[in-house]
Amino acid sequence: MDARYKSARTTIVIILVLSTLFGFGYNLYDIQVRNNEYYAALNNAVKTYTVSIPASRGEIVDRNGNPLVTNRQGNSIVLNAAYFPSGKDDNATRNRIVLDLIKLFKKNKEEYVHNLPLKITKNGKIAFYSKADDDEYEKNIKTMKSKDMLNVQAYATAQNCFDVMVEKYGLEDYDVATALEIGNIRYELTRLLFSVQNPVTIADDVSDKTVAAIQENSEKYQGAQCQVVAYREYADSSLAPHIIGTIRKINAEEYAEKKDLGYGIDDEIGESGIEASCEEYLRGTPGEKTVVIDGDGNVTETVTKEPIQGDTIVLTIDKDLQKLAQNKLKETCLEVQYNSTGAVVMSDCNTGEILAAANYPSYDLNDYYEKYNQLSKISTKPLYNRFAMGTYAPGSTFKPLMACAALQEGVVDGSTTFTCGGEYHYLDMKFGCTDAHGSLNVEQALQHSCNIYFYNCARRLGIERMNMYGSMFGLGEKTGVEIPESRGILAGPEYRKKWDMVWNPGDTVQAAIGQSDNLFTPLQLCNYCATIANGGKRYQMHFVKSRISRSTGIVTETGANVVRNVDISPKNMTMVKTGMRKVATQGGPSEVFGRIDTKVACKTGTSQVVVKGVKHNNGFLITYAPYDNPEVAVSSVIEYAGSGSSTAKITSSVIDYYYSNNTDAKNAQQEGTLL
């Protein structure tokens with residue numbers, strides 16, 4: 001029985017072996033004889049790829065054509081899959097090339113990619129990145145573990161990830177530190193979908209010494225190429241960083257959204273400011289090159305479409321005026337106290353163009369990414385855009401609006417007076433004033449900033465009509481600028497209702513003097529002042545004056561856009577302006593404004609804030625000039641300043657500079673001739 005069983009088993013094995021040999025033989029016959037021509041042609045087939053060529057970003061200039069952001073040429077090192085070993089058995093060669101490149105980078109002190117979120121601790125253990133290493137460490141660790149990358153479970157440890165990486169890239173023969181270094185670049189190739197169509201940058205802005213070494217040793221550094229790249233360069237990297245903004249490498253989510261628009265996975269994109277809001281125009285039109293690889297592995301590259309640089313963006317700001325505003329703001333904040341902060345905005349009353357907008361503290365665009373973690377931890381928040389995102393209780397700068405509303409609604413007129421004894425009693429509440437001003441009309445009430453007068457106006461108007469005029473002047477509404485801004489809050493029952501809170505009668509009285517829930521941005525306060533100055537036209541504020549097409553030279557102007565005509569009669573507006581003029585000539589700021597030649601009108605404001613249990617007063621000032629024929633408006637806020645008058649030095653400086661340097665000859669210049 002056993003002999004027959006063994007014989008049958010042997011027969012089956014022989015049949016299987018013969019079948020396998022026959023199958024191989026048939027396939028060999030099919031390839032070598034029957035379809036020899038087909039397979040020979042397939043083997044010698046020419047493979048053609050289209051590779052995108054990045055375009056230089058467009059330049060950003062000020063209103064007079066002075067460069068703010070330009071481009072300089074530099075060199076990046078890319079790995080090109082058309083020349084890089086790619087066979088299944090080429091892991092060892094690829095790792096050797098990568099290691100040689102790393103050694104070269106270190107020797108020449110070049111920065112290179114480090115996006116693998118693994119590190120070696122002091123005790124030699126493998127660990128994940130922490131927030132100190134990478135602000136988006138959690139997201140990047142998740143990406144590393146994903147199916148398309150290392151394909152490990154969500155609970156995998158750092159050591160688990162390292163072990164999988166070593167196996168994936170064939171790094172078993174290297175020590176831990178070297179394996180991690182090589183794996184970092186191999187991981188980058190995987191992350192950025194490395195292929196002939198997608199060369200991957202592994203080092204940016206390298207020295208000529210590194211370029212020469214790679215070009216002279218092309219076999220040693222097989223697949224590594226030097227690519228001329230346009231890098232952002234700033235005429236003054238500390239000038240208007242919150243306006244200009246930053247650029248960075250596109251992330252995975254953005255690439256998924258924008259790849260159909262021609263973005264590559266290794267492209268740069270505007271992250272903030274004008275760089276982000278004008279991305280569509282600044283990025284330019286990528287070019288194309290055709291890469292042909294024949295059956296013998298020979299590579300031919302031909303540029304079939306030249307890239308076109310992005311458009312030039314002309315901003316409304318004046319470079320020198322912006323610098324002055326930043327310097328004077330800094331001086332004033334440092335005079336107040338060491339941790340004081342603030343903002344100043346200057347606009348054209350008749351167009352909505354922003355001539356200057358500054359924050360203190362601020363930051364430098366050149367080292368923004370290098371120092372981001374440090375900057376983000378500073379208590380005074382230099383990265384925060386106070387002029388657009390900061391919201392403040394405006395204090396008495398709200399009173400010109402109250403005067404406009406009360407006069408236009410007929411609840412008071414030019415002869416109406418209220419007597420101020422220093423206190424105001426309403427229901428069972430008592431509200432104060434800064435002094436006992438006696439009997440005042442509307443112009444005098446603005447001059448002396450009398451709370452009592454405007455408490456009475458509030459009682460007669462009611463919060464609904466107060467807010468109707470607040471909305472007309474754009475308070476609690478976005479101004480329309482191209483960069484992110486806060487909407488602010490217009491105090492009233494509608495806002496309280498959102499938070500299940502009650503609006504009480506006393507809140508209306510408080511709202512009349514810019515307190516209660518009122519919170520507005522310096523941009524809004526500037527535009528509100530400009531609307532009073534020009535007689536009632538509220539313009540959309542903007543930072544972009546025009547756009548110049550790089551390909552056609554066509555200039556597209558933003559132009560002035562009237563958002564709303566505020567219905568205030570000329571007679572009533574004149575009374576409000578007269579009151580504001582008296583503040584500038586007889587009020588707290590009069591000494592400062594008396595030193596400049598330009599006549600101005602203004603209104604101060606103070607609002608109380610409590611910081612760590614200590615009461616402070618923020619100072620505000622809204623101003624327009626010249627008084628007789630308004631052209632510019634300025635708003636300024638200094639936190640902890642004590643009063644609005646203390647901000648007058650900033651305002652007087654920017655107005656005096658503007659009129660000392662804004663000559664007819666300068667106005668007559670054509671932007672296109674300066675670019």
Side-chain angles (χ1 to χ4, degrees), residues 76-79 84-85 90-194 200-207 210 213 220-221 223-224 248-249 251-252 266 367 369-377:
S76 65
I77 304 303
V78 301
L79 283 177
F84 195 64
D90 282 338
N91 251 340
T93 307
R94 280 177 273 181
N95 291 336
R96 190 267 304 162
I97 294 169
V98 169
L99 181 57
D100 285 341
L101 285 166
I102 290 171
K103 289 177 179 177
L104 177 65
F105 295 153
K106 287 185 173 181
K107 177 184 175 183
N108 294 343
K109 297 180 180 179
E110 309 285 12
E111 295 288 335
Y112 56 97
V113 293
H114 283 88
N115 291 319
L116 177 69
L118 294 175
K119 64 181 179 180
I120 302 176
T121 62
K122 291 181 180 179
N123 60 7
K125 300 290 185 181
I126 295 292
F128 291 125
Y129 273 5
S130 64
K131 192 167 186 178
D133 306 302
D134 179 3
D135 198 50
E136 295 188 331
Y137 71 103
E138 291 180 343
K139 174 184 172 184
N140 292 331
I141 291 170
K142 184 178 179 181
T143 297
M144 177 182 66
K145 293 181 178 182
S146 68
K147 182 179 179 181
D148 294 332
M149 301 306 295
L150 298 185
N151 192 22
V152 297
Q153 297 294 336
Y155 53 78
T157 65
Q159 186 64 51
N160 294 152
C161 293
F162 176 80
D163 293 341
V164 171
M165 182 202 70
V166 167
E167 182 179 357
K168 180 181 179 73
Y169 300 128
L171 297 167
E172 293 87 352
D173 294 336
Y174 295 95
D175 62 71
V176 172
T178 305
L180 191 59
E181 287 277 19
I182 298 171
N184 170 66
I185 289 183
R186 294 292 305 276
Y187 173 82
E188 185 75 352
L189 300 183
T190 305
R191 190 179 73 86
L192 296 183
L193 308 178
F194 182 55
V200 171
T201 301
I202 59 173
D204 275 309
D205 209 8
V206 299
S207 64
T210 297
K220 180 179 182 180
Y221 303 115
R248 57 161 169 75
K249 294 287 186 180
N251 62 39
D266 204 22
D367 56 19
Y369 287 106
E370 179 185 339
K371 294 185 176 180
Y372 178 81
N373 284 336
Q374 176 186 340
L375 290 167
S376 65
K377 294 173 184 175

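Treat the numbers as computed from the prediction; the structure is a model and nothing was measured.
For the atom pair CZ of F105 and CD1 of I202, the computed distance is 4.0 Å after rounding to the nearest 0.5 Å. Separation of atoms CD1 (I97) and CG (L79) is listed at 8.5 Å; rounding is to 0.5 Å. Note that the CD1 atom of I102 and the CD1 atom of I185 stand 4.0 Å from one another [nearest 0.5 Å]. Rounding to the nearest 0.5 angstrom, the gap separating the SG atom in C161 from the CG atom in N151 is 11.0 Å. Taken from CD in E181 to CD1 in I120, the straight-line distance is 8.0 Å, to the nearest 0.5 Å. Considering CZ of F162 and OG1 of T157, their distance stands at 11.5 Å, rounded to 0.5 Å.
Here the side chains of F194 and E188 are not in contact, with every heavy-atom distance at 4.5 Å or above. Side chains of M165 and L116 form a contact here, defined as non-hydrogen atoms less than 4.5 Å apart. When side chains are defined from C-beta on, L118 counts as touching F128, because their heavy atoms get closer than 4.5 Å. S130 has its side chain within reach of K119: a pair of non-hydrogen atoms, C-beta onward, lies under 4.5 Å apart.
The two atoms that bring D266 and K249 nearest to each other are O-NZ, 3.3 Å, heavy atoms only. The two atoms that bring H114 and Y129 nearest to each other are O-OH, 4.0 Å, heavy atoms only. When all heavy atoms of R94 and P85 are compared, the closest pair comes out as CD-O, 3.1 Å. Shortest non-hydrogen contact noted between A132 and N373 is O-ND2, 3.7 Å.
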Would you check, one step at a time, whether the test side chain to side chain contact (heavy atoms under 4.5 Å, CB included) holds for Y369 with R248? CA-CA 9 Å; Y369 287 106; R248 57 161 169 75; 3.3 Å; yes
Run the numbers on V152 and N160 for side chain to side chain contact (heavy atoms under 4.5 Å, CB included), then give the verdict. CA-CA 8 Å; V152 297; N160 294 152; 5.7 Å; no
Stepwise side chain to side chain contact (heavy atoms under 4.5 Å, CB included) check, Y174 with L99: CA-CA 10 Å; Y174 295 95; L99 181 57; 3.8 Å; yes
Test log, rule side-chain hydrogen bond (donor to acceptor under 3.5 Å, both in side chains), inputs N123 and T121: CA-CA 5 Å; N123 60 7; T121 62; 2.3 Å; yes
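Without hydrogens or angle criteria, N95 side chain to Y169 main chain gives a donor-acceptor distance under 3.5 Å. Not a single donor-acceptor pair under 3.5 Å links the side chain of D90 to the backbone N or O of T93. Although no hydrogens or angles enter the test, the distance criterion places no donor-acceptor pair under 3.5 Å between the side chain of K145 and the main chain of L150. Between the N108 side chain and the E110 main chain, no donor and acceptor come within less than 3.5 Å of each other.
For CG of D173, the number of neighbouring non-hydrogen atoms (other residues, nucleotides, ligands) closer than 6.0 Å is 12 at most. Under a cut-off of 6.0 angstrom, the local environment of CD in E111 is sparse, with at most 12 non-hydrogen atoms contributed by other residues, nucleotides or ligands. Enclosure of atom NZ in K142 is not indicated, since only 12 or fewer non-hydrogen atoms of other residues, nucleotides or ligands lie within 6.0 angstrom.
Among N184, T201, V200, D204, the one residue that satisfies the side chain to side chain contact (heavy atoms under 4.5 Å, CB included) test with V113 is N184.
With sequence neighbours excluded, the residues forming a side-chain contact (heavy atoms from CB on, under 4.5 Å) with N140 are P117, D134, E136, listed by chain and number.
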